[in-house]
There are 2 protein chains.
Amino acid sequence: MGTMGRPREFDAKQALDKALDVFWRHGYEGTSISELTHAMGISPPSLYAAFGNKEKLFRSALDRYAEVRKQVWTELMSEPTARAMMERLFDRVIGFYATEGNPHCCMLVKGTLTSGDCGHVLADHMSAKRAESEQMLVERFTKAKASGELPEEIEPKDLAGYYMTVLDGMSVRAASGASRDELRKVAALAMRGWPGQ
Amino acid sequence: MGTMGRPREFDAKQALDKALDVFWRHGYEGTSISELTHAMGISPPSLYAAFGNKEKLFRSALDRYAEVRKQVWTELMSEPTARAMMERLFDRVIGFYATEGNPHCCMLVKGTLTSGDCGHVLADHMSAKRAESEQMLVERFTKAKASGELPEEIEPKDLAGYYMTVLDGMSVRAASGASRDELRKVAALAMRGWPGQ
DNA sequence: CCACATCTGTAGCGTTCACTACATATATGG
DNA sequence: CCATATATGTAGTGAACGCTACAGATGTGG
């Protein structure tokens, strides 16, 4: 059975990707509905009919962001060693942030800092997405420990927290204009701290 | 000669500190004039007469922030070794972010991420303040290299960039609710990467 | 006591915000 | 062809924004 009523004249997925791009660059509170409707190529009533309201649209965009990110990270997790995975992850992140035209920052980092000091409605959602990524590192490091790549005294959770922190910091520095070369050197020094041997 | 006209009934420095606190917690765009006037205990015309406008007030607050920060850092720079200085700096930062009631984030990190993707008028000002702090590390590490504490192959600039990145990342994680213990473990792992021996 | 200069509170300026009422257009179900 | 259901564009809602005109208050210099 086909749905009744006038069919929508735009593609919701494409529109969501456009919204994601704007939110990514300007943050939640820094993005206005008129910016969104312009970028998405639709009028306000269409936006509200399809996505609810600004907050729900942001949540949907965030889900989409996390989905794409998870795909990329999952691919990297299959690297033969955890160390190679981490090096490739740095390369990938740096390659993205330091490329002209791309947003220079992780959307979750920007979102976390943009939404007030605490208690913002969106904070939990973003924390959850951040935790998802971190958990992927924890699991990969646990595997590495089991296979003998990492020494016994290293806690996978701590190591994951450390590398997430470096990644978050690189996001901040990229946003404030750090070059590809500077970021590469940060990654190199972060990898100097790799445990073992 | 005394100044003519009715004297102001509030203390400008105290008012600026109040404004700093609000900007620190909510960022530039997340702070409204009415929040500021309420926190500062003055009315809008008084605010505008004393500080120009919102942007100029933010710049003044930022200058004040950087001034206090520079005092703290300067004190730490006199630690006998660069390594001890770095460890104390981590302790200090963690102690601040993880304490109830304090802002959970560096004001410059929040400000950098809050002001649009690029080209914001305030971005340059914040980049400059960030560079000032980083330069203090560069100079301390240069001294450490000269005294033999750091090996020849280490570039002070790179090492400073790395530790600033970790600090920035800790700011992000503190803002998203990281505990004192988690931050301590991050610092410990960051110090594992200390060059030498 | 009288200009003059500056601060203070009220009240409101124009603009932008997130969001929506309404009329119209276009599909399906009978 | 008609009733129903959903999408669309225009145009505008009340609220909050940054900021300021204005009148009254309070100081200094003559």
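Note on naming: letters A, B, ... go to the chains in the order of the sequence lines (proteins, then strands), and numbering restarts at 1 for each one.
Under the rule for a side chain to side chain contact (heavy atoms under 4.5 Å, CB included), the partners of B:E153 that lie at least two apart in sequence or sit in another chain are B:P151. Here B:Y28 pairs with B:F58 under the ring pair (Phe, Tyr, Trp, His ring centres under 6.0 Å) rule; sequence neighbours left out. Under the rule for a ring pair (Phe, Tyr, Trp, His ring centres under 6.0 Å), B:F51 has no partner lying at least two apart in sequence or in another chain. Residues satisfying the side chain to side chain contact (heavy atoms under 4.5 Å, CB included) criterion with B:T99, sequence neighbours excluded, are B:N102, B:R180.
A straight line from CZ of B:F10 to P of D:dA25 spans 20 Å, rounded to a whole angstrom. Atom P of nucleotide D:dC19 and atom CD1 of B:I42 are separated by 14 Å, given to the nearest angstrom.
Legend: side-chain hydrogen bond (donor to acceptor under 3.5 Å, both in side chains) pairs involving residues 85-96 of chain A, not counting sequence neighbours, sorted by first then second residue: A:E79-A:R88. Residues in residues 37-57 of chain A take part in these salt bridge (charged side-chain N to carboxylate O under 4.0 Å, His left out) pairs, two or more places apart or across chains: A:E55-A:R59. Pairs of residues two or more places apart, or lying in two chains, that qualify as ring-ring contact (aromatic ring centres under 6.0 Å, His included) and include a residue from residues 121-158 of chain B are B:F141-B:W194.
A heavy-atom distance below 4.0 Å to DNA chain C is reached by these residues of residues 30-40 of chain A, ordered by number: A:T31, A:S32, A:I33, A:S34. Residues from residues 48-60 of chain A lying near DNA chain D, meaning a heavy-atom separation below 4.0 Å, are absent.
With axes fitted over five pairs at each extremity, the angle between the ends of the helix from C:dT8-D:dA23 to C:dG30-D:dC1 is 10° (10° resolution).
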Which donor-acceptor pairs under 3.5 Å do side chains of residues 166-175 of chain A form with protein atoms, sequence neighbours excluded?
{"unit_1": "A:D168", "atom_1": "OD2", "unit_2": "A:R130", "atom_2": "NH2", "d": "2.9"}
{"unit_1": "A:S171", "atom_1": "OG", "unit_2": "A:Y97", "atom_2": "OH", "d": "3.3"}
{"unit_1": "A:S171", "atom_1": "OG", "unit_2": "A:C106", "atom_2": "N", "d": "2.6"}
{"unit_1": "A:R173", "atom_1": "NE", "unit_2": "B:T165", "atom_2": "OG1", "d": "3.1"}
{"unit_1": "A:R173", "atom_1": "NH1", "unit_2": "B:E134", "atom_2": "OE1", "d": "3.2"}
{"unit_1": "A:R173", "atom_1": "NH2", "unit_2": "B:E134", "atom_2": "OE1", "d": "3.1"}
{"unit_1": "A:R173", "atom_1": "NH2", "unit_2": "B:E134", "atom_2": "OE2", "d": "3.1"}

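Between the side chain of A:Y65 and the backbone N or O of A:M107 there is at least one donor-acceptor pair closer than 3.5 Å.
For the atom pair B:R140 CZ and B:T74 OG1, the distance stands at 12.5 Å (nearest 0.5 Å). For the atom pair CG of B:L20 and NZ of B:K18, the computed distance is 11.0 Å after rounding to the nearest 0.5 Å.
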B:R25 and B:D21: CA distance, side-chain angles, deciding distance, salt bridge (charged side-chain N to carboxylate O under 4.0 Å, His left out) verdict
CA-CA 6 Å; B:R25 291 173 194 278; B:D21 186 70; 3.1 Å; yes
Distances for protein N/O vs nucleotides 22-27 of chain C N/O pairs under 3.5 angstrom?
{"unit_1": "C:dA25", "atom_1": "N3", "unit_2": "A:R6", "atom_2": "NH1", "d": "3.2"}

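Checking B:R8 against B:S46 by side-chain atom types alone, no donor-acceptor pair falls below 3.5 Å.
Counting any heavy atom pair closer than 4.0 Å across all strands shown, A:S46 reaches sugar-phosphate atoms only and no base atom.
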